[in-house]
Amino acid sequence: MPVPKRKKPRTRTRSRKAQWFNSARTPAYATCPQCKKPKLPHHACANCGTYDGRQVLTVD
Ligand SMILES: [Zn+2]
């Protein structure tokens, strides 16, 4: 098996990790079709309590 002659450059390591950091640190969110506020995807909206056009939560 061939062995690498030298370590990977820092820029290689950092640019590879940057892909992971961007996807892991950016919280995914969707926009509520009712109130247009940001909400978690596949969750009922915390603001208006609707999911898929139906009222599923009682909101004060
Ligand atoms: Zn909403």
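Nearest approach of V56 to T50, heavy atoms of both residues: CG2-C, 4.2 Å. Heavy-atom minimum distance, G49 versus Q55: O-NE2, 3.5 Å.
Taking CZ of R10 as the start and NZ of K17 as the end, the distance is 13.0 Å to the nearest 0.5 Å. Note that NZ of K8 is 13.0 Å distant from CZ of R6, once rounded to the nearest 0.5 Å. Atoms NZ and OG1, on K37 and T31 in that order, are 12.5 Å from each other to the nearest 0.5 Å. Note that CD of Q34 is 10.0 Å distant from CG of D52, once rounded to the nearest 0.5 Å.
Taking hydrophobic clusters as Ile, Leu, Val, Met, Phe, Trp and Tyr residues chained together by side-chain heavy-atom distances below 4.5 Å, L57 shares a cluster with Y51.
Annotation: side chain of C48 is in contact with side chain of C32 (closest heavy-atom distance under 4.5 Å).
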